[in-house]
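Below: one structure, written as structure tokens.
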Amino acid sequence: MSDNTVSVDTSTTPASINFSESFNVAVPFIDRHLDEGRGNKIAIRVHNGGEVTYATLAEHVNRAGNALIDLGVQKDDRVLMMVKDSAEFFYVFWGAIKAGILPVPINTLLVAKDYAYMIENSEAAGVIYSAEFSGEVMAALEKSPHKPRVALLTEGDGDTLAKHMASASPDLTPSPASPEGDCFWLYSSGTTGGPKGVVHAHKDMVVTSQHYAVGILGITEADICFSAAKLFFAYGLGNGMTFPLWVGAEAVFYPGPPTPDAVHEVIETFKPTIYYGVPTLYAAQLKAMENSEPDLSSIRVCTSAGEALPPDLLKRWMDKTGIPLLDGIGTTEILHIFLSNRIDNIKPGASGLAVPGYEGKIVDDEGQEVPAGETGALMIKGDSLLKLYWRNLEKTADALRDGWMYTGDTYYVDEDGFFFCCGRSDDMLKVGGIWCSPVEIEGKLVEHPKVLEAAIVGREDDEKLIKPEAFIVLNDAADAGEELEAELLEHCKSSLARYKYPHWFNFVEDLPKTATGKIQRFKLRSN
Ligand code: 3UK
């Protein structure tokens with residue numbers, strides 16, 4: 001096989017994927033479309049932001065890769081991206097990969113202390129950011145003892161990546177790489193300790209695109225993709241970028257916050273055929289549809305991931321819109337969805353069947369597989385699993401066991417092979433599809449002078465979706481009341497991402513604890 005090529009044999013299930021020995025994944029995802037005659041086809045449309053053809057995309061990817069090299073970023077260096085959903089996101093991500101540099105898309109809802117941690121932890125050589133996030137990024141750069149060589153706005157006034165791209169060469173030879181070589185990172189948070197750098201290989205985006213997007217969604221060049229989940233999230237990265245690029249389809253973007261009205265407007269304007277959302281947003285969209293009737297008729301399939309989709313919400317969506325909504329579970333570590341419902345086989349309340357190319361099993365505490373119907377730990381095998389957590393041998397060894405990934409989720413399988421989610425085996429919460437560590441929110445609350453101790457647990461709201469609930473022990477119980485609740489909420493707002501704010505406050509006398517003083521959060525959960 002010639003360099004940087006991949007061949008797929010779809011006559012088998014799962015499809016068999018073969019990579020050339022020398023393989024830089026930017027070539028099949030970007031350059032291949034020019035060879036296949038898609039140069040003039042639209043790759044990207046941005047709401048109020050123009051459109052980009054495959055030819056322009058390829059040129060700008062080359063310019064971005066060259067600009068990073070010209071600025072002194074070297075092979076295997078990390079470049080953090082706090083970039084909104086936009087064409088620039090594609091340029092930086094693929095330009096870096098083509099140049100042998102590792103892009104690290106970062107959750108843009110985070111705040112300066114989170115960014116400072118990641119700059120330090122990754123020893124980033126570069127930080128590229130959209131103007132919207134300047135405040136938090138500048139504060140993080142100030143805070144971090146490690147100073148990246150390059151810190152640039154994507155575009156705008158002054159010294160920007162766009163200016164460096166304009167003077168950089170439009171030609172770039174792909175940096176030699178291999179299917180198993182490091183390609184990009186994502187950060188994933190855990191209950192304790194800082195977020196962990198999840199290292200993915202060049203082959204991984206091919207694997208998820210082929211097995212899930214082609215295998216389950218049946219994506220083709222004719223599709224138009226719209227992901228309300230942002231590109232920085234592994235879910236959005238696949239939905240909005242790698243899947244359409246794999247087949248030469250079109251992706252549409254809305255750079256702002258995905259409110260129901262905004263996503264409905266984007267759907268009516270750009271007529272996507274595949275729409276990717278999260279449960280919280282589907283619930284909000286249904287609520288908005290009580291007073292409006294957006295035209296969703298272009299959509300042939302919707303997906304939901306990030307957190308469990310309550311069966312009632314699924315039924316209400318399908319009744320109201322008639323569009324199939326597929327719940328599926330993915331993780332940052334496995335990159336995308338590995339258990340999913342099918343367009344013609346949906347079981348409400350289930351995460352679905354194993355996606356061909358992945359195997360799932362449920363094990364007990366000893367690691368032995370349990371029979372159907374019994375609950376245990378969900379383990380997954382497949383070809384897109386992380387290589388490792390950056391500089392974290394212990395967590396890597398905990399997660400990867402004999403080629404299986406320990407997901408941290410508790411599941412059972414029914415007689416039909418459908419997997420059902422029963423929650424986490426740790427205390428982590430998923431809020432609006434995004435990780436929340438109770439420990440982080442508790443840490444913030446106890447910084448407040450009136451708070452002695454705090455515990456955070458997940459509680460279902462009216463839509464059966466999880467939100468943080470706080471249990472608080474005060475230094476002086478007489479301070480309890482609405483006024484203090486408001487004060488504590490303001491306090492959280494000062495340095496926590498907004499989805500981490502507690503939705504309910506309970507003032508209690510003490511917290512349930514183990515003999516060793518560890519908070520027993522499970523005793524506080526009401527559901
Ligand atoms: C939970 C779900 C029940 C589960 C993701 C699609 O969410 C993604 O990745 P993260 O690393 O979180 C992974 C964890 O989230 N979860 C996700 N989807 C579901 N729980 N039902 C679901 N459908 O705890 C899992 O371990 O942020 C989702 C594609 C790629 C992704 N990375």
Side-chain angles (χ1 to χ4, degrees), residues 105-107 109-110 184-191 195-198 200 204-205 207-209 211-213 216-217 227-243 276-282 302-311 313-314 325-341 346-355 358 360 377-380 382 384-386 389 395 398-399 405-412 418-437 458 460 464-466 497 499:
I106 306 281
N107 177 349
L109 300 169
L110 295 178
F184 67 101
W185 296 10
L186 293 165
Y187 270 94
S188 181
S189 16
T191 337
K196 307 179 289 291
V198 174
H200 275 291
D204 296 351
M205 290 184 282
V207 170
T208 56
S209 300
H211 289 330
Y212 175 72
I216 302 297
L217 301 177
S227 178
K230 300 290 180 196
L231 289 169
F232 65 72
F233 190 34
Y235 180 46
L237 191 82
N239 299 341
M241 188 171 74
T242 53
F243 299 170
Y276 313 85
V278 294
T280 315
L281 182 57
Y282 284 112
C302 296
T303 71
S304 174
E307 60 184 315
L309 179 66
L313 181 52
L314 165 64
L325 172 54
L326 307 185
D327 188 8
I329 172 176
T331 68
T332 305
E333 287 82 352
I334 302 174
L335 192 56
H336 215 278
I337 290 174
F338 47 83
L339 303 178
S340 176
N341 284 279
I346 296 176
K347 210 179 252 203
S351 304
L353 301 159
V355 170
Y358 296 91
L378 174 67
M379 315 265 311
I380 300 290
S384 59
L385 268 56
L386 80 164
Y389 290 117
K395 292 258 163 67
D398 273 354
M405 165 96 206
Y406 175 82
T407 61
D409 295 297
T410 305
Y411 265 77
Y412 72 89
F418 278 81
F419 287 78
F420 285 79
C421 174
C422 306
R424 292 285 303 171
S425 58
D426 53 26
D427 289 322
M428 290 294 281
L429 315 182
K430 264 317 193 66
V431 180
I434 310 182
W435 279 133
C436 264
S437 163
E460 285 182 1
K464 300 216 167 301
L465 298 167
I466 301 290
Y499 55 91

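Note that ligands are numbered from 1 as they come in the structure, with each ligand's atoms numbered from 1 the same way.
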For this session: With heavy atoms of Trp435 as the reference, note each atom of ligand 1 found under 4.0 Å away.
Result: 10 (P), 11 (O), 12 (O), 13 (C), 14 (C), 24 (O), 27 (O)
Exercise. Judged by atom type as modelled, is there a donor-acceptor pair below 3.5 Å linking the side chain of Thr407 to the main-chain atoms of Leu378?
Worked result: yes
Problem set entry | Mode of Glu307 contact toward ligand 1 - side chain, backbone, both, neither (heavy atoms, under 4.0 Å) | backbone
Exercise. For atom 13 (C) of ligand 1, what's the nearest protein heavy atom and its distance?
Worked result: Gly330 O, 3.4 Å
Exercise. Just by modelled atom types, is the Ala350 backbone N or O under 3.5 Å from a matching donor or acceptor in the Asn341 side chain?
Worked result: yes
Exercise. Can you list the atoms of ligand 1 that are under 4.0 Å from a heavy atom of Thr332?
Worked result: 9 (O), 10 (P), 11 (O), 27 (O), 32 (N)
Problem set entry | Side-chain touch Ile380/Leu339, heavy atoms, less than 4.5 angstrom | yes
Seminar exercise, completed: Numbered in order shown, the ligand 1 atoms found under 4.0 Å of a heavy atom of Asp409 are 4 (C), 24 (O), 25 (C), 26 (O)
For this session: Could you please spell out the steps behind the side chain to side chain donor-acceptor pair (under 3.5 Å) verdict for Ser227 and Tyr235?
Result: CA-CA 9 Å; Ser227 178; Tyr235 180 46; over 6 Å; no
For this session: Taking only heavy atoms of Tyr411 into account, list the atoms of ligand 1 that are under 4.0 Å away from them.
Result: 3 (C), 21 (N)
Problem set entry | N/O separation below 3.5 Å, Lys430 to ligand 1 | yes
Exercise. Counting heavy atoms not belonging to Lys347, are there more than 12 under 6.0 Å from its NZ?
Worked result: yes
For this session: Could you tell me which atoms of ligand 1, counted from 1 in the order shown, lie closer than 4.0 angstrom to a heavy atom of Phe233?
Result: 7 (O), 27 (O)
For this session: Report yes if some heavy atom in the side chain of Thr303 is under 4.5 Å from a heavy atom in the side chain of Leu217; otherwise report no.
Result: yes
Problem set entry | Side-chain touch Ile329/Phe419, heavy atoms, less than 4.5 angstrom | no
Problem set entry | Sub-4.0 Å atoms of ligand 1 with respect to non-hydrogen atoms of Leu335 | 30 (C)
Exercise. Can you list the atoms of ligand 1 that are under 4.0 Å from a heavy atom of Cys421?
Worked result: 3 (C)
Problem set entry | Proximity to ligand 1 by part of Ala308, non-hydrogen separation under 4.0 Å | both
Exercise. Is Lys395 close enough and on-axis enough to Tyr389, meaning under 6.0 Å and within 45°, for cation-pi?
Worked result: no
Problem set entry | Arg424: numbered ligand 1 atoms lying under 4.0 Å from its heavy atoms | 24 (O), 26 (O)
Exercise. Mind checking whether Gly306 has an N or O less than 3.5 Å away from an N or O of ligand 1?
Worked result: yes
For this session: May I ask which of Thr331, Ile337, Asp327 has a heavy atom nearer to atom 32 (N) of ligand 1 than the others do?
Result: Thr331
Exercise. Does any N or O in the side chain of His200 come within less than 3.5 Å of the main-chain N or O of Thr332, such that one atom is a donor and the other an acceptor?
Worked result: yes
